[in-house]
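The next block holds one structure in the form of structure tokens; read it before the comments.
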Amino acid sequence: MSTLLEVSGVSVTFDGFRAINNLSFQIGKAEMRAIIGPNGAGKTTFMDIVTGKTRPDEGRVIWGDKSVSLLKMSEAQIARAGVGRKFQRPTVFEDQSVFDNLLLALKKDRNPFSVLFYKRGPSDTEKVHTLAEQIGLTDHLPRKSGELSHGQKQWLEIGMLLAQEPQLLLVDEPAAGMTPEEREHTTSILVEAAKTRAVVVVEHDMEFVRRLNCKVTVLHEGSVLAEGSLDHVTSNQEVIDVYLGR
Ligand code: ADP
């Protein structure tokens with residue numbers, strides 16, 4: 001599998017505290033990867049580095065076929081280069097329909113009033129329908145997004161990110177607060193999405209990670225502690241000790 005993202009020797013210090021400590025690992029194209037680790041392991045900081053929100057003190061973050069450094073790019077440039085990030089709290093426009101939210105995302109537009117002025121060509125409508133199918137919200141396209149359930153809002157936001165065709169999708173605890181059925185559906189959306197792009201899921205819930213059925217990277221104190229299948233990493237004594245706080 002060819003490499004999409006290479007993090008190499010990255011360290012970040014906050015007020016003298018090393019949150020990320022000589023972190024190195026790679027993500028392949030069209031790979032699903034789960035990142036786990038106890039609180040404070042550095043998972044959020046890792047995502048902040050990749051999206052350009054936090055700048056490391058040292059190390060390299062190399063992206064794509066042309067091996068460009070993400071560290072030389074602004075947050076907006078990184079997003080344009082193909083890094084999408086989904087936070088836990090959805091940021092859909094609650095007063096707009098599901099259709100319009102997807103349309104705005106396709107147009108890369110953050111002004112909800114713009115939809116009033118778009119000329120909706122057949123290709124836009126088709127793209128919105130394709131996205132809605134991917135996230136299982138076809139029947140909900142005319143509904144106001146504010147009326148959706150928690151799970152449906154999360155899927156809509158994933159759809160809005162997919163509209164921007166990221167090569168890498170970073171997702172923070174996508175199944176938090178969901179019913180078992182919603183978690184199942186979230187799994188299929190992400191697994192499907194990872195067929196054509198890299199998807200990195202930061203997750204606490206091991207049952208959810210198991211369903212993703214992917215390589216797992218365990219972070220601890222800002223470094224990779226273990227990597228491999230979920231069964232492999234959870235049988236690692238160091239990982240067990242860290243999780244049990246020994
Ligand atoms: P995780 O997401 O795995 O819980 P974080 O990346 O949020 O871990 O945090 C890693 C460590 O860095 C934690 O000890 C946290 O307190 C610290 N940290 C994160 N961001 C900051 C910051 N802006 N200032 C100071 N310390 C921070």
Side-chain angles (χ1 to χ4, degrees), residues 4-27 31-63 69-71 73-76 78-79 83-91 154 157-158 161 166 168-178 183 186 190 198-212 214-230 232-234 236-246:
L4 176 65
L5 177 76
E6 182 181 0
V7 177
S8 161
V10 166
S11 296
V12 176
T13 308
F14 295 117
D15 302 325
F17 174 77
R18 273 216 157 184
I20 296 290
N21 186 13
N22 198 20
L23 178 68
S24 298
F25 69 100
Q26 300 179 351
I27 307 284
E31 178 185 355
M32 171 77 84
R33 176 77 61 93
I35 298 189
I36 64 172
N39 278 336
K43 304 181 294 295
T44 308
T45 309
F46 156 73
M47 287 195 285
D48 289 347
I49 292 167
V50 176
T51 54
K53 190 173 167 212
T54 294
R55 300 288 166 182
D57 314 318
E58 51 192 79
R60 300 186 314 148
V61 182
I62 304 297
W63 171 258
S69 169
L70 289 188
L71 303 182
M73 294 157 79
S74 67
E75 282 185 74
I78 291 173
V83 178
R85 178 175 186 179
K86 187 191 171 310
F87 292 90
Q88 272 187 47
R89 181 185 282 266
T91 54
Q154 300 281 355
E157 178 143 337
I158 294 174
L161 283 163
L168 168 66
L169 189 56
L170 301 167
V171 200
D172 193 4
E173 291 190 54
M178 287 190 179
R183 298 154 88 80
T186 306
L190 294 175
V199 177
V200 173
V201 178
V202 168
E203 187 57 67
H204 284 286
D205 183 326
M206 295 299 165
E207 253 336 285
F208 188 75
V209 172
R210 183 168 300 286
R211 281 168 188 278
L212 294 176
C214 65
K215 187 169 173 180
V216 176
T217 299
V218 187
L219 292 193
H220 174 54
E221 295 180 347
S223 306
V224 175
L225 181 65
E227 206 163 69
S229 70
L230 184 63
H232 172 78
V233 299
T234 51
N236 176 317
Q237 191 58 46
E238 280 186 288
V239 174
I240 297 169
D241 288 347
V242 158
Y243 266 95
L244 297 181
R246 287 189 203 149

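When a ligand or atom number is given, it counts from 1 through the structure's own listing order.
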Can a salt bridge be assigned to the pair R55 and D48 using a cut-off of 4.0 Å between side-chain N and carboxylate O? no
Does a side chain donor of either N22 or S11 reach within less than 3.5 Å of an acceptor in the other side chain? no
Is it the case that atom CZ in R60 sees more than 12 heavy atoms from other parts of the structure closer than 6.0 Å? no
At what distance is the nearest protein heavy atom to atom 9 (O) of ligand 1, and which residue and atom is it? T45 OG1, 3.8 Å
Numbered atoms of ligand 1 (with element) below 4.0 Å of F17, judged on heavy atoms: 11 (C), 12 (O), 14 (O)
Ignoring hydrogens, tell whether any protein atom lies closer than 4.0 Å to atom 27 (C) of ligand 1; use the non-hydrogen atoms only. yes
Record the part of F46 in heavy-atom contact with ligand 1 below 4.0 Å; permitted values are side chain, backbone, both and neither. neither
Go through ligand 1 atom by atom and flag the ones less than 4.0 Å from a non-hydrogen atom of A19. 11 (C), 12 (O)
For atom 10 (C) of ligand 1, closest protein heavy-atom neighbour: G40 O, 3.4 Å
Does any N or O in the side chain of Y243 come within less than 3.5 Å of the main-chain N or O of G37, such that one atom is a donor and the other an acceptor? yes
For I27 versus A198, what's the shortest heavy-atom pair and its separation? CG2-CB, 3.9 Å
Between E227 and R33, is there a salt bridge with N-O shorter than 4.0 Å? yes
Where ligand 1 meets A41 - atom numbers and elements under 4.0 angstrom, heavy-atom basis: 1 (P), 3 (O), 8 (O)
Min N/O separation F14 to ligand 1 under 3.5 Å: no
Distance-only N or O hit between ligand 1 and D15, under 3.5 Å: no
Within this structure, what is the CD1-CZ distance for the pair I36 and F208, rounded to the nearest 0.5 Å? 13.5 Å
For ligand 1, which atoms, with element, lie under 4.0 Å from some heavy atom of N39? 4 (O)
Tell me whether T13 contacts the main-chain N or O of G16 through its side chain, where contact means a donor paired with an acceptor under 3.5 Å. no
With the threshold set strictly below 4.0 angstrom, can you tell me whether any protein non-hydrogen atom sits that near atom 20 (N) of ligand 1? yes
Starting from atom 2 (O) of ligand 1, what is the nearest protein heavy atom, named by residue and atom, and what distance separates them? T44 OG1, 2.6 Å
Sub-4.0 Å heavy-atom approach of G42 to ligand 1: yes
Salt bridge or not between E221 and K43? Use side-chain N to carboxylate O under 4.0 Å. no
